[in-house]
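Working notes for the structure below.
Whatever order the structure lists ligands and atoms in, that order sets their numbers, starting from 1.
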Amino acid sequence: MGSFSSRACAEINVSTPETKVTENFSRVVSHSAQNGGKGSSQRKFFKQYGPFLRMPNIGDIFPNFRAKTTEGEIDFYDWLGNSWGILFSHPGDFTPVCTSELGKAAELAPEFKRRGIKIIGLSCSSTREHEAWIPDILAYTGIKGPMPFPIISDEKRELAVGLGMLDPEFKDDKGMPMTCRALFIIGPDKKMKMSILYPALSGRNFSEILRVVDSLQLTDVKKVSTPVDWKYGEACMVDVSVPRVHEDHLFPKGVTVTELPSGKDYFRTTPMP
Ligand code: BEZ
């Protein structure tokens with residue numbers, strides 16, 4: 001379960017430095033080695049997952065995988081379909097920060113849906129633990145009804161290792177490294193559009209995730225960029241690739257150029273198109 005498919009292997013061309021791969025790999029297998037793991041199974045694991053032992057970068061095709069979830073077994077690409085997607089990990093079930101984060105994600109589920117985004121959580125706990133934990137999440141948030149998104153159970157830590165999500169400093173009560181708070185936004189083209197990586201003790205800001213989704217979806221289709229602290233509906237910057245002669249045609253609501261000491265005319269704003 002939680003294994004990368006050969007389809008993904010064929011599609012991704014990763015040039016990961018061998019040393020980094022070995023370092024990440026050895027972190028994870030050292031525990032299993034200490035616990036009776038066989039060298040040959042380590043080699044098999046390395047052969048299969050070696051190319052993925054790092055976090056995907058912006059622009060990479062996000063690897064496909066199969067996984068057990070609270071909504072049954074999934075093929076990630078099939079589950080995504082043509083939607084945008086967010087995969088986010090948390091260190092463990094029945095922990096306070098994680099409960100608050102998944103509660104917030106559940107509360108914001110209608111907002112993600114409105115933007116055509118499917119969300120899915122992940123930790124190394126079992127589906128049975130996830131299922132037992134969900135009532136706490138819903139009670140904390142005050143949401144009635146089923147959990148609005150699935151949670152992956154990555155018990156063997158295959159996805160955690162393959163996607164570079166383990167925090168070697170943070171271990172569970174069995175001495176196994178836990179997943180940190182990674183979050184990936186994946187476009188309908190299966191390319192990674194944005195990622196963040198937070199440590200176990202610092203919860204993420206899901207309003208910021210929605211804000212950046214708005215920016216990603218807007219800048220995907222319009223020739224604009226979004227400035228610091230931008231929010232949906234506010235003025236945007238004209239993309240630097242747009243020649244001045246095309247401004248009137250592309251931005252009928254008008255373009256304002258801010259004068260700067262350099263005398264250059266790159267700081268162009270326009271109402272959100
Ligand atoms: C928490 O969610 O509160 C948490 C998770 C892992 C380690 C410590 C705290």
Task: Atom pair CD (E169) and CE (M178), whose distance is rounded to the nearest 0.5 Å - done: 13.5 Å

Let me have the donor-acceptor pairs involving side chains of residues 260-273, under 3.5 Å, with sequence neighbours excluded, atom names and distances please.
| residue | atom | partner | partner atom | Å |
| --- | --- | --- | --- | --- |
| S262 | OG | K264 | N | 3.1 |
| D265 | OD2 | R244 | NH1 | 3.3 |
| R268 | NH1 | V242 | O | 2.9 |
| R268 | NH1 | E247 | OE2 | 2.8 |
| R268 | NH2 | D239 | O | 3.1 |
| R268 | NH2 | V242 | O | 2.8 |
| T269 | OG1 | T256 | O | 3.4 |
| T270 | OG1 | G254 | O | 2.8 |

TODO: Please work out whether the ring planes of F76 and F62 are parallel, tilted or perpendicular, with thresholds of 30° and 60°.
DONE: tilted

Contacting atoms of ligand 1, where contact means under 4.0 angstrom from a heavy atom of [X]:
{"X": "R181", "answer": "1 (C), 2 (O), 4 (C), 5 (C)"}
{"X": "L201", "answer": "8 (C), 9 (C)"}
{"X": "C98", "answer": "1 (C), 2 (O)"}

Open item on the list: So is P96 touching ligand 1 or not, going by heavy atoms under 4.0 Å?
Closed with: yes

Give me the nearest non-hydrogen protein atom to [atom] as residue plus atom name, then the distance to 0.1 Å.
{"atom": "atom 7 (C) of ligand 1", "value": "F170 CE2, 3.4 Å"}
{"atom": "atom 6 (C) of ligand 1", "value": "P91 CB, 3.6 Å"}
{"atom": "atom 4 (C) of ligand 1", "value": "T95 CB, 3.6 Å"}

TODO: Compute whether any side-chain donor of one residue and acceptor of the other, for S123 and D93, lie under 3.5 angstrom apart.
DONE: yes

Listing, residues 131-140 side-chain donor-acceptor contacts under 3.5 Å, not counting sequence neighbours, or none:
| residue | atom | partner | partner atom | Å |
| --- | --- | --- | --- | --- |
| W133 | NE1 | T99 | OG1 | 3.0 |

Open item on the list: Taking distance alone, with N or O pairs closer than 3.5 Å, would you say V97 contacts ligand 1?
Closed with: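 By distance alone, the answer is yes.
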
TODO: Tell me whether the guanidinium CZ or amine NZ of K118 lies under 6.0 angstrom from the six-membered ring centre of W79 and within 45° of its axis.
DONE: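 Pair K118/W79 counts as cation-pi.
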
